[in-house]
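The next block holds one structure in the form of structure tokens; read it before the comments.
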Amino acid sequence: MEITKVIVKLQTVPRKRISYDIELNNIFTLHDLYTFKNQEDKIKVAFPEEIRESTGELIKYAYPIDREFRNYIEETIIKAAEQVKTWAM
């Protein structure tokens, strides 16, 4: 599977200043990925999720289950972020 497009979206929400949409093989789009710095000050990518208000349960909508593919997505998005010279924390 190949990432065929990355769309960088500047946001006004403080904790998600930049979000990303990726297109896979020109046939599938994944919206609202974002970057943040972890405790080791390393840039990481978070995948779409939300907390269900009624139960407090964290719901993850989409994420790679293969470590190699996750690394590929992270490297691609971090490269896109570097091109705009702004990091989401």
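The figures here come from the full heavy-atom set of this structure, side chains too, leaving out hydrogens, waters and symmetry mates.
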| Who pairs with Arg52 by salt bridge (Lys or Arg N to Asp or Glu O under 4.0 Å), at least two apart in sequence or on another chain? | Glu57
| field | Qualifying salt bridge (charged side-chain N to carboxylate O under 4.0 Å, His left out) pairs with a residue from residues 61-70, counting only residues at least two apart or across chains | value | Arg70-Glu74
| task | Take Thr35 and Lys44 through the side-chain contact (heavy atoms from CB on, under 4.5 Å) test and state the conclusion after the steps. | result | CA-CA 6 Å; Thr35 53; Lys44 301 300 284 180; over 6 Å; no
| remark: Output for pair (Glu82 CD, Ile77 CD1), nearest 0.5 Å, gives 12.5 Å
| field | Counterpart residues, side-chain hydrogen bond (donor to acceptor under 3.5 Å, both in side chains), relative to Glu40 (two or more places apart) | value | Asn38
| request: Answer yes or no: is there a side-chain heavy-atom contact under 4.5 Å between Ile22 and Thr76? | output: no
| Taking only residues two or more places apart in sequence, or in another chain, which ones meet Glu2 in a side chain to side chain contact (heavy atoms under 4.5 Å, CB included)? | Thr4, Asn25, Tyr72
| said: Counting neighbours of CZ on Phe69 that are heavy atoms of other residues, nucleotides or ligands and sit closer than 6.0 Å, is the number greater than 12? | reply: yes
| query | Would a hydrophobic clustering, with Ile, Leu, Val, Met, Phe, Trp and Tyr connected at side-chain separations under 4.5 Å, put Val45 with Phe28? | reply | yes
| query | Would you call Asp32 and Phe47 a side-chain contact if the rule is heavy atoms closer than 4.5 Å? | reply | no
| remark: side chain to side chain contact (heavy atoms under 4.5 Å, CB included) filter on Leu58, not counting sequence neighbours, yields Glu49, Ile51, Lys60
| task | Take Val6 and Ile3, measure what side-chain contact (heavy atoms from CB on, under 4.5 Å) needs, and give me the verdict at the end. | result | CA-CA 7 Å; Val6 177; Ile3 297 173; 3.8 Å; yes
| How far apart are the closest heavy atoms of Ala62 and Pro48, and which atoms are they? | O-CD, 3.8 Å
| Side chains of Ile73 and Leu33: does their closest heavy-atom pair fall under 4.5 Å? | yes
| remark: Between Tyr34 and Tyr20, the two heavy atoms sitting closest are CA-CD1, 3.9 Å
| query | Are Met1 and Leu30 joined in one hydrophobic group, where the rule is that I, L, V, M, F, W and Y side chains link up if heavy atoms are under 4.5 Å apart? | reply | yes
| request: Report the residues that fulfil side-chain hydrogen bond (donor to acceptor under 3.5 Å, both in side chains) with Asp21, sequence neighbours left out, ordered by chain and then residue number. | output: Lys9, His31
